[in-house]
2 protein chains.
Amino acid sequence: MSTIARGTADRILDTAERLVQLRGYNAFSYADVAKAVGIRKASLHYHFATKGDLGLALVTRYRRAFVDQLHAIESASDDPLERLERYGELYGSVLRRKRMCMCGMLATDAATLPRAMRESVAEFFAENVGWLTRILEQGRKRRELRFAGTPAAMATFFVSSLEGAMLVAYGSGNVESFDGAARQLLTIVRPERAKAATPTPRRKAP
Amino acid sequence: MSTIARGTADRILDTAERLVQLRGYNAFSYADVAKAVGIRKASLHYHFATKGDLGLALVTRYRRAFVDQLHAIESASDDPLERLERYGELYGSVLRRKRMCMCGMLATDAATLPRAMRESVAEFFAENVGWLTRILEQGRKRRELRFAGTPAAMATFFVSSLEGAMLVAYGSGNVESFDGAARQLLTIVRPERAKAATPTPRRKAP
DNA sequence: GTCTATAGGCAGATAGAC
DNA sequence: GTCTATCTGCCTATAGAC
């Protein structure tokens, strides 16, 4: 995958994605992207006419990639708790690359975004809540998960807590705090809920 | 208090605070503030020489106000659970004014902030975690709160979840989702939690 | 598809009059 | 303390050559 030559548009998206995740929508420029990609500012406009077009393409691609990873999680495991663990690990892996979730980042920029971008960011959260709701519903039915309230409410709480854990970890430069928060989060849906928070025994895939 | 005439510096801070909470540090300008306050850009520089100076003053003032509110909560109630409810309501009241937490907002801007600002934002989170740790510790000791893990870990989770609930609500324009998340959060520290029909607790090996 | 050149505007910041 | 005037630099975006 990484050895395949990619088109200019893809390289632009990769670079812009990184910059948005690091600095936010209003703190990256065509000049930044052009420099990193190795072409001129004007050439960027050939691929993405306006910054809004580029931004929308970024969110669209990010959402698609995220949805793909959700499907991958369902393929990899049938156990609700393990699926939730892997879901949290999606966020963790972003943070370990020293980035913030793109849509969490754009959420704070919402007031300054073109309408289409803002709506797509909202859809990202809705998509995640929808997926989690299904997993939680199924897990409760099978008695492999236990939690208070509706699956939808718990799903919203899940997304919120992971986004917040990333936000605080990113903003305070304290990456470890994310892992602790993610662990707490899993504790509250574990059926055998223990008094002491012990690290989760993680099954490794062969 | 609201009838007292305030100095220019205070009015600048009020306006800049609102703009940062709405749009972020990189999406407000001296021109915006000057227009709203009713003076010229150049006059702002008399009060705050650079944007970084203004930003640092904003965070400092915000932190002080927040700490004051924490003290007010301790004065208003002796009950740990009620204190936590009121703590959540601090966040809720910001969101109901259609704003994002200033430090949550600045957390996403971290990579672009002057060092002093970035450190002060990190201190905001640390202060909150510190206060919550005390409340949680005391509540557990008195058996009026119940939760897994250390008080410090739970405190970090608390701040993360509330910040994240604000972030998602703000970014998706769905303010109601915050209240649901805040309610879920309180559920997990309530001592009388869920003794409903649970499957036989199977203890996993650590 | 990529380039040079440039338009037109806004950014943060300063000098100096009043 | 607030003003006018101005500087320098960066921003998004476009025109037109190659």
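Naming: A, B, ... by sequence-line order, numbering from 1 per chain. Computed from heavy atoms alone, side chains included, the values below leave out hydrogens, waters and symmetry copies.
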Q: Got a second to check how far B/Leu44's CG is from B/Asp53's CG, nearest 0.5 Å?
A: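 These two atoms lie 12.5 Å from each other.
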Q: Ignoring hydrogens, what is the shortest heavy-atom contact between A/Gln184 and B/Ala153? Give both atom names and the distance.
A: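 Looks like NE2-CB, 3.6 Å.
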Q: Between A/Glu74 and A/Trp131, what is the shortest heavy-atom contact and its length?
A: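 A/Glu74 and A/Trp131 have their closest heavy atoms at OE2-NE1, 3.0 Å.
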Q: With sequence neighbours left out, what residues match A/Phe124 under ring pair (Phe, Tyr, Trp, His ring centres under 6.0 Å)?
A: A/Tyr62, A/Phe66
Q: So how far off straight is the helix from C/dG1-D/dC18 to C/dC18-D/dG1, going by the axes through five pairs at either end, to 10°?
A: 0°
Q: List for me each residue that meets ring pair (Phe, Tyr, Trp, His ring centres under 6.0 Å) alongside A/His47, sequence neighbours excluded, and say none if there are none.
A: none
Q: Salt bridge (Lys or Arg N to Asp or Glu O under 4.0 Å) with A/Arg63: which residues, sequence neighbours excluded?
A: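 In terms of salt bridge (Lys or Arg N to Asp or Glu O under 4.0 Å), with neighbours along the sequence ignored, A/Arg63 is linked to A/Glu127.
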Q: Quick one: list whatever passes salt bridge (Lys or Arg N to Asp or Glu O under 4.0 Å) with B/Glu17, sequence neighbours left out.
A: B/Arg61, B/Arg99
Q: What pairs with A/Asp109 under side-chain hydrogen bond (donor to acceptor under 3.5 Å, both in side chains), at least two apart in sequence or on another chain?
A: none
Q: First and last nucleotide of DNA chain C in contact with chain B, 5' to 3', at under 4.0 Å to a heavy atom: what are they?
A: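 Nucleotide range in contact with chain B: C/dA11 to C/dA15.
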Q: With sequence neighbours excluded, what pairs up with A/Arg142 under the salt bridge (Lys or Arg N to Asp or Glu O under 4.0 Å) test?
A: A/Asp78, A/Glu144
Q: Under the side-chain hydrogen bond (donor to acceptor under 3.5 Å, both in side chains) test, which residues partner A/Thr133, sequence neighbours left out?
A: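 Testing A/Thr133 for side-chain hydrogen bond (donor to acceptor under 3.5 Å, both in side chains), a comparison that skips the adjacent residues, returns none.
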Q: Pairs under 3.5 angstrom only: tabulate donor-acceptor contacts from the side chains of residues 169-176 of chain A to other protein residues two or more places apart or in another chain.
A:
from     : atom 1 : to       : atom 2 : distance (Å)
A/Tyr170 : OH     : A/Leu22  : O      : 2.5
A/Ser172 : OG     : A/Val168 : O      : 2.6

Q: Does the protein touch nucleotides 10-15 of chain D at the base, only the backbone, or not at all? Give it as B, S and - per nucleotide, heavy atoms under 4.0 Å.
A: -SBBBB
Q: For the pair B/Ser161 (side chain) and B/Phe158 (backbone), establish whether a donor and an acceptor sit closer than 3.5 Å, ignoring hydrogens and angles.
A: no
Q: Can you list, in residue-number order, the parts of residues 108-119 of chain A that come under 4.0 Å of DNA chain D, counting heavy atoms only?
A: none
